[in-house]
Amino acid sequence: MLLEITDLRLRYGGAEILKGISLNVEEGEIVTIIGSNGAGKTTTLRTISGLKKPITGEILFQGKRIQGAPAQDIVKMGIGHVPQGRNLFPYMGVLENIRLGAYLQNDKNQIKQNLARIFQTFPVLKARKRQQAGTLSGGEQQMLAIARALMGNPTLLLLDEPSIGLAPILVREIGKIAVEINQRGTSILLVEQNARLALRLAHRGYVLETGSVVLQGKCEDLLIDERVKRAYVGQ
């Protein structure tokens, strides 16, 4: 098992945000977490990547306990995080933003190979590598955020709401890129409010409501589940 979360609980401001979440990601999978605003999806990813500290529960990555570890150590272990809102440095160049993703990498040859692969995946970023990140379109900024995370050579990529604010044609492009990344060997844990998109991209899914997993299964089964259709996908 690549990632295994058991009975994860987290409090924030006196309220229990995560209420005993358990989920897992196997090597080679795309797994999605869907749910409404405030369900705890983003908090789950932030807890995995070390930005939030759980009160109980266990997070195992490649069999190693990682909860409570510093965020930079979790990146070194092979978990990349593309946060909601992208969190780019808008006045820095595209290439500078990408290179920041390799700040924990010491192998210059590997960095060069990663950069070449990224420019192959995102040719628009290569064409605009000297442009300020803040002048890119929303879709291009999302590509840049993903590219930055990939520079860290992640085994597992955490994607938080990659389609938010994008036009439908760009949503499809981001979805296509996610599948390509997965096919190259990177597992993905995807948080996405666009449930139809998420369930079509992923192999398995979890439905989160007010901090609890209420439903899980193969995505083809969740897509036709009446509860999911009524609440998240539509008829």
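The structure presented is a predicted model; accordingly, all values stated were derived computationally and were not measured.
- Annotation: side-chain hydrogen bond (donor to acceptor under 3.5 Å, both in side chains) contacts involving residues 134-150, sequence neighbours excluded, comprise R86-Q142, R128-E140, Q131-T135, S137-E140.
- Counting all heavy atoms, side chain and backbone alike, G20 lies closest to R9 at N-CG, 3.3 Å.
- Between T155 atom OG1 and N153 atom CG the span is 8.0 Å, to the nearest 0.5 Å.
- Note that OG1 of T56 is 9.5 Å distant from CZ of R11, once rounded to the nearest 0.5 Å.
- Using modelled atom types, no side-chain atom of N87 and backbone atom of P83 make a donor-acceptor pair closer than 3.5 Å.
- L51 and V191 are members of different hydrophobic clusters when ILVMFWY side chains are connected at heavy-atom separations under 4.5 Å.
- Applying the side-chain contact (heavy atoms from CB on, under 4.5 Å) test to K126 and every residue at least two apart in sequence or in another chain returns F119.
- Grouping Ile, Leu, Val, Met, Phe, Trp and Tyr by side-chain contacts under 4.5 Å, direct or through others, puts L100 with F89, M92.
- Shown here is K218, whose NZ atom has no more than 12 heavy atoms of other residues, nucleotides or ligands within 6.0 Å.
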> L23 and Q216: side chain to side chain contact (heavy atoms under 4.5 Å, CB included), yes or no, with the steps?
Replying inline: CA-CA 9 Å; L23 60 85; Q216 60 179 289; over 6 Å; no

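- Using a 4.5 Å heavy-atom threshold, the side chains of L136 and V124 count as separate.
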>> Run the side chain to side chain donor-acceptor pair (under 3.5 Å) test on S163 and E192 for me, step by step, so that the C-alpha distance in whole Å, both residues' side-chain angles and the decisive distance to 0.1 Å come before the verdict.
In response: CA-CA 7 Å; S163 77; E192 182 57 65; 2.6 Å; yes

What donor-acceptor contacts under 3.5 angstrom involve side-chain atoms of residues 57-70, with partners at least two apart or in another chain?
from	atom 1	to	atom 2	distance (Å)
Q67	OE1	I59	N	2.9
Q67	NE2	G57	O	3.1

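- In this structure, K229 NZ and L222 CG are separated by 12.5 Å, a value rounded to the nearest 0.5 Å.
- In this structure, CG on L215 lies 4.5 Å from CZ on R227, to the nearest 0.5 angstrom.
- Nearest approach of A147 to I118, heavy atoms of both residues: O-CD1, 3.3 Å.
- Between I146 and F122, some side-chain heavy-atom pair lies under the 4.5 Å cut-off.
- Taking 4.5 Å as the limit, every side-chain heavy atom of Q113 sits out of range of all side-chain heavy atoms of D107.
- Hydrophobic cluster membership is shared by I79 and L8, with clusters built from Ile, Leu, Val, Met, Phe, Trp and Tyr side chains linked at under 4.5 angstrom.
- Not a single salt bridge (Lys or Arg N to Asp or Glu O under 4.0 Å) links E27 to another residue, sequence neighbours left out.
- Under a hydrophobic-cluster definition in which Ile, Leu, Val, Met, Phe, Trp and Tyr are linked whenever side-chain heavy atoms come within less than 4.5 Å, directly or via other members, L150 and L158 are assigned to different clusters.
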> For R99 and E96, what are the C-alpha separation, side-chain angles and deciding distance, and is it a salt bridge (Lys or Arg N to Asp or Glu O under 4.0 Å)?
Replying inline: CA-CA 5 Å; R99 287 190 177 280; E96 291 172 301; over 6 Å; no

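- Chaining together hydrophobic side chains whose heavy atoms lie under 4.5 Å apart leaves I55 on its own.
- Rounded to the nearest 0.5 Å, atoms CD1 (I74) and CG (L156) are 11.0 Å apart.
- Atom CD1 of I181 is separated from atom CD1 of I177 by 7.0 Å, given to the nearest 0.5 angstrom.
- Using a 4.5 Å heavy-atom threshold, the side chains of L88 and L144 count as touching.
- For residues 178-189, the set of pairs meeting the side-chain hydrogen bond (donor to acceptor under 3.5 Å, both in side chains) definition, not counting sequence neighbours, comprises T121-R184.
- Between L166 and G138, the shortest heavy-atom distance links the atoms CD2-C, 3.5 Å.
- Under the 4.5 Å side-chain heavy-atom criterion for grouping Ile, Leu, Val, Met, Phe, Trp and Tyr, L45 is not connected to L190 through any hydrophobic cluster.
- Counting heavy atoms from C-beta outward, P54 and L18 have side chains that stay 4.5 Å or more apart.
- In the hydrophobic clustering, M1 connects to no other residue, as no ILVMFWY side-chain heavy atoms lie under 4.5 Å from its own.
- Residues that satisfy the salt bridge (Lys or Arg N to Asp or Glu O under 4.0 Å) test with R200, not counting sequence neighbours, are absent from this structure.
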>> For a side chain to side chain contact (heavy atoms under 4.5 Å, CB included) check, start with the C-alpha distance between I5 and L3, then their side-chain angles and the critical distance, and finish with the verdict.
In response: CA-CA 7 Å; I5 297 173; L3 177 74; 4.2 Å; yes

Review item, side-chain donor-acceptor pairs of residues 203-214, under 3.5 Å, at least two apart:
from	atom 1	to	atom 2	distance (Å)
H203	ND1	I30	N	2.8
R204	NE	E29	OE2	2.7
R204	NH1	Y206	OH	3.1
R204	NH2	N24	O	2.8
R204	NH2	N24	OD1	2.9
R204	NH2	E29	OE1	2.9
Y206	OH	N24	N	3.1
E209	OE2	Y232	OH	3.2

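- Through direct or relayed side-chain contacts under 4.5 Å between Ile, Leu, Val, Met, Phe, Trp and Tyr, V75 connects to Y103, L104.
- A heavy-atom distance below 4.5 Å is not found between the side chains of E26 and L2.
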Throw together a table of side-chain donor-acceptor distances under 3.5 angstrom for residues 34-43, partners on residues two or more places apart or in other chains.
from	atom 1	to	atom 2	distance (Å)
N37	OD1	Q193	NE2	2.9
K41	NZ	G35	O	3.1
K41	NZ	S36	O	3.0
T42	OG1	Q84	OE1	3.2
T42	OG1	D160	OD1	3.2
T42	OG1	D160	OD2	2.9

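- Pairing each heavy atom of P154 with each of A149, the nearest pair is CD-O, 3.5 Å.
- Between N114 and Q110, the side chains place a donor N or O and an acceptor N or O closer than 3.5 Å (distance only, hydrogens not considered).
- With contacts defined as side-chain heavy-atom distances shorter than 4.5 Å, the pair V31/I188 does not qualify.
- Two residues are said to be in side-chain contact when any heavy atoms from C-beta on lie closer than 4.5 Å; L159 and L189 fail this criterion.
- Neither L197 nor I164 shares a network with the other; the hydrophobic side chains, linked directly or stepwise wherever heavy atoms of I, L, V, M, F, W or Y lie under 4.5 Å apart, form separate groups for each.
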